[in-house]
Visitor: 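Okay, here's the structure, questions in a sec.
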Amino acid sequence: MDNDDILLLTENIHLLSKEQAWYYRVLPKSGSGDALELYCEDGSDEDSLTAELEVLLGKNILLEQLPSTTVARLLSKYYLRENAVESTTQMQLGKHADDFLENLISEAKSLKSSDIHIERYEQKCRVRIRIDGNMVERYLLKNDDYPALINKIKIFANLDIAEKRLPQDGRINFRSGDHQFDIRVSVLPTLYGEKVVLRLLNNDATNIDLNSLGFSDTDLENYLQGVKRPNGILLISGPTGSGKTTTLYATLKLLNKETRNILTIEDPVEYTLEGVNQVQLKESIGLGFAAALRTFLRQDPDVIMVGEIRDPETANMAIRAALTGHLVLSTIHTNSAWGTVSRLIDMGIPSFLVANTLSTTVAQRLIRLLCPNCKTQHSFDPSMYPRQYRPSREVKHHYRPHGCEECYYTGYKGRKAVYEVIPVDLDLADEIKKGNANIHGLLAERSIHTLAENAFDIFSEGLTSIDEIYPLLFNY
Ligand SMILES: [Zn+2]
């Protein structure tokens, strides 16, 4: 039988407590009367495991070994606890740092986690993972085990083991079972030791599609107008982790034709796209965004993607590239689509140049969707909105997260992007030249939906909770 097909019966899951399952890394296969069949990890010491479990559970134990990655995946699926503190497992690594690391990475990937944080404090070390944007504590380690784990990571990432006082960056090409992807490694010396963050990258862009990211029909139409122009700048704003890069990759996939020369400078290269010339940012050797852009202009480009505009030099180069007839795609840190205009002007770009080059400005956030299997309906009280907020229509019922097996007891399953897309037409370009910060009237005239309005729609359809959209309701 394929290991992916293993299903545990609900009635058997209760035969072990979560703590027992995680501590011994075993799972109930079947139970009848006095006998209990358990899955355990390959390489387990079956004799001592059987002896201990027989005493603990008062039953005759039969063991069957499974690959440790499968056990980790099943444990996460069937025994993940709602509360972060409870779900933490006390780990003793000893010589098993290799296995632990491999399992940890596979487990994080199975849970669709984006980052793994390994941190040392005075008394303990902890491992947290980020799922759907939120950090969840996963393991506690003994301080004695910490150096071995960090050294393993450094070796895999080709970093200097002896260097413990300076930050280091590296990359791991991870292969285990069905998993194959790159991991960006960042090591930062902190008060009690080095903190390591592993960013699990998605190497496969085949499933990214502009149509399924969350654009409304009108927004997508407006967005594509900017994408189809031969020149100009298209900017996507939003905080880290708002899915900007995914939108950019989906856009590049659309533009990726034999007839176009596409160049990108990224930090990191998250997806690889066949046919696109992707360059990894390396500031330590002087290969920054601005330097790469300068070279790109001599490479006869049609489309240029710059990972992020974060300094005046890059902003200037990007504007120059757009002025000289190229389509430039990038991201920028601002709170709203229109805020991008003042950010560029703050970076020293004259407003007439912004007006001439900015073709589309987009704001984006990610919203967690309620698990459809366990969300619960309640009557809605408008006092739950921020005080100033005036909804466009009345909501009588809303849904709250609950938690079930399907959503790993988080109450949420999957995310959806929320957009605000402003195509800069001649009138809006005039407003940029005038330095007008308040364009709500003009947006309403053009039926452009704000982040708040689009988020409200998702909420009123019952797809997400008031808590998820609350911060966006101030942005209208
Ligand atoms: Zn659920």
Side-chain angles (χ1 to χ4, degrees), residues 132-133 205 207-229 232-255 270-271 305 307-309 327-344 358-370 389 391-392 412 414-425 428 439-440 442-466 468-476:
D132 283 349
N207 291 322
I208 311 179
D209 179 7
L210 270 181
N211 292 303
S212 57
L213 292 179
F215 280 107
S216 71
D217 292 347
T218 328
D219 285 341
L220 185 59
E221 209 174 291
N222 284 335
Y223 182 74
L224 289 177
Q225 270 184 31
V227 173
K228 286 173 185 163
R229 284 173 56 152
I233 296 191
L234 189 153
L235 285 176
I236 305 181
S237 71
T240 309
S242 55
K244 292 171 292 192
T245 322
T246 308
T247 305
L248 281 187
Y249 277 105
T251 312
L252 286 179
K253 265 183 72 180
L254 189 78
L255 291 167
E270 280 199 36
Y271 299 86
M305 193 263 259
E308 190 186 342
I309 292 181
L327 178 62
V328 180
L329 313 172
S330 190
T331 71
I332 191 161
H333 268 269
T334 51
N335 282 325
S336 66
W338 198 247
T340 294
V341 172
S342 38
R343 180 94 179 94
L344 288 172
L358 187 64
S359 75
T360 314
T361 173
V362 178
Q364 169 169 11
R365 300 287 190 280
L366 282 178
I367 284 185
R368 290 190 294 168
L369 299 177
L370 287 164
Y389 184 72
S392 53
Y412 292 92
R415 289 189 290 181
K416 188 180 166 90
V418 186
Y419 292 96
E420 176 175 321
V421 180
I422 307 181
V424 181
D425 56 26
L428 286 175
I439 54 154
H440 286 303
L442 289 168
L443 294 189
E445 273 172 32
R446 287 161 176 72
S447 314
I448 288 170
H449 281 210
T450 60
L451 272 180
E453 287 163 336
N454 283 329
F456 174 78
D457 284 345
I458 298 176
F459 165 69
S460 65
E461 285 164 28
L463 297 175
T464 192
S465 66
I466 183 71
E468 278 295 296
I469 63 153
Y470 193 89
L472 292 182
L473 297 181
F474 293 95
N475 242 322
Y476 71 101

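If you're wondering where the values come from, they're calculated on a predicted model, not measured in any experiment. Throughout, numbering of the chain's residues begins at 1 and tracks the sequence.
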Visitor: Which distance, rounded to the nearest 0.5 Å, do you find between the CG of L472 and the OG1 of T450?
Guide: 9.5 Å
Visitor: For residues D219 and S216, is any side-chain donor paired with an opposing acceptor at under 3.5 Å?
Guide: yes
Visitor: Begin from the C-alpha positions of V421 and F215 and carry the test side chain to side chain contact (heavy atoms under 4.5 Å, CB included) through to its verdict.
Guide: CA-CA 9 Å; V421 180; F215 280 107; 3.8 Å; yes
Visitor: How long is the span from the CD atom in E461 to the OG1 atom in T464, to the nearest 0.5 Å?
Guide: 11.0 Å
Visitor: Tell me which one of L220, L254, L329 satisfies side chain to side chain contact (heavy atoms under 4.5 Å, CB included) with V227.
Guide: L254
Visitor: For N211, does the CG atom have more than 12 heavy-atom neighbours from other residues, nucleotides or ligands under 6.0 Å away?
Guide: yes
Visitor: Can any side-chain N or O of T361 pair as donor or acceptor with the backbone N or O of T340 at less than 3.5 Å?
Guide: no
Visitor: In terms of side-chain heavy atoms, does Y223 have a donor or acceptor partner in T251 at a distance below 3.5 Å?
Guide: yes
Visitor: Indicate the ring-plane relationship of F456 and F459, choosing parallel, tilted or perpendicular according to the 30° and 60° boundaries.
Guide: tilted
Visitor: Supply the atom-to-atom distance K228 NZ to L255 CG, rounded to the nearest 0.5 angstrom.
Guide: 10.5 Å
Visitor: Show your reasoning for whether side chain to side chain contact (heavy atoms under 4.5 Å, CB included) applies to T360 and V424.
Guide: CA-CA 6 Å; T360 314; V424 181; over 6 Å; no
Visitor: Which atom names give the shortest non-hydrogen contact between I208 and A250, and what distance separates them?
Guide: CG2-CB, 3.6 Å
Visitor: Between T331 and G307, what is the shortest heavy-atom contact and its length?
Guide: OG1-O, 2.7 Å
Visitor: Hey, does the side chain of E420 reach the backbone of L451 with a donor-acceptor pair shorter than 3.5 angstrom?
Guide: yes
Visitor: Closer than 3.5 angstrom, by distance alone: can the side chain of R229 be matched with the main-chain N or O of Q225 as a donor-acceptor pair?
Guide: no
Visitor: Looking only at heavy atoms, which two atoms of R415 and D132 are closest? And how far apart?
Guide: NH1-C, 3.3 Å
Visitor: Can you list the residues that meet the side chain to side chain donor-acceptor pair (under 3.5 Å) rule with Q364, with sequence neighbours excluded?
Guide: T247, Y419
Visitor: Please evaluate residues L248 and L252 with respect to the criterion side chain to side chain contact (heavy atoms under 4.5 Å, CB included), reporting the C-alpha separation (whole Å), side-chain torsions for both, the decisive distance (0.1 Å), and the verdict.
Guide: CA-CA 6 Å; L248 281 187; L252 286 179; 5.5 Å; no
Visitor: Checking S359 side chain against I233 main chain: does a donor-acceptor pair fall under 3.5 Å?
Guide: yes
Visitor: Contact between R365 and N335 at the side-chain level, heavy atoms closer than 4.5 Å - yes or no?
Guide: yes
Visitor: Has the side chain of D425 got a donor or acceptor atom that lies under 3.5 Å from a matching backbone atom of L428?
Guide: yes
Visitor: Would you find a donor on one side and an acceptor on the other, under 3.5 Å apart, between the side chain of K416 and the backbone of L366?
Guide: no
Visitor: Evaluate side chain to side chain donor-acceptor pair (under 3.5 Å) for S465 paired with Y470, printing each intermediate quantity in order.
Guide: CA-CA 9 Å; S465 66; Y470 193 89; over 6 Å; no
Visitor: Quick check for you: to the nearest 0.5 Å, what is the distance between S330 atom OG and I309 atom CD1?
Guide: 4.0 Å
Visitor: So L234 and V328, do their side chains get closer than 4.5 Å, heavy atoms only?
Guide: no
Visitor: Run the side chain to side chain contact (heavy atoms under 4.5 Å, CB included) test on K244 and E308 for me, step by step, so that the C-alpha distance in whole Å, both residues' side-chain angles and the decisive distance to 0.1 Å come before the verdict.
Guide: CA-CA 10 Å; K244 292 171 292 192; E308 190 186 342; 5.8 Å; no
Visitor: Which donor-acceptor pairs under 3.5 Å do side chains of residues 236-243 form with protein atoms, sequence neighbours excluded?
Guide:
from	atom 1	to	atom 2	distance (Å)
S237	OG	T334	OG1	3.3
S237	OG	V362	O	3.2
S242	OG	P239	O	2.7

Visitor: Supply the atom-to-atom distance E468 CD to L370 CG, rounded to the nearest 0.5 angstrom.
Guide: 8.0 Å
Visitor: Where is the tightest heavy-atom contact between R343 and I332, given as atom of each residue plus distance?
Guide: CG-CD1, 3.7 Å
Visitor: Please report the shortest heavy-atom distance between A363 and S336, naming the atom on each side.
Guide: CB-C, 4.0 Å
Visitor: Any heavy-atom pair between the side chains of Y271 and T246 that's under 4.5 Å?
Guide: yes
Visitor: Return the CD1 to NE2 distance between I422 and H449, rounded to the nearest 0.5 Å.
Guide: 13.0 Å
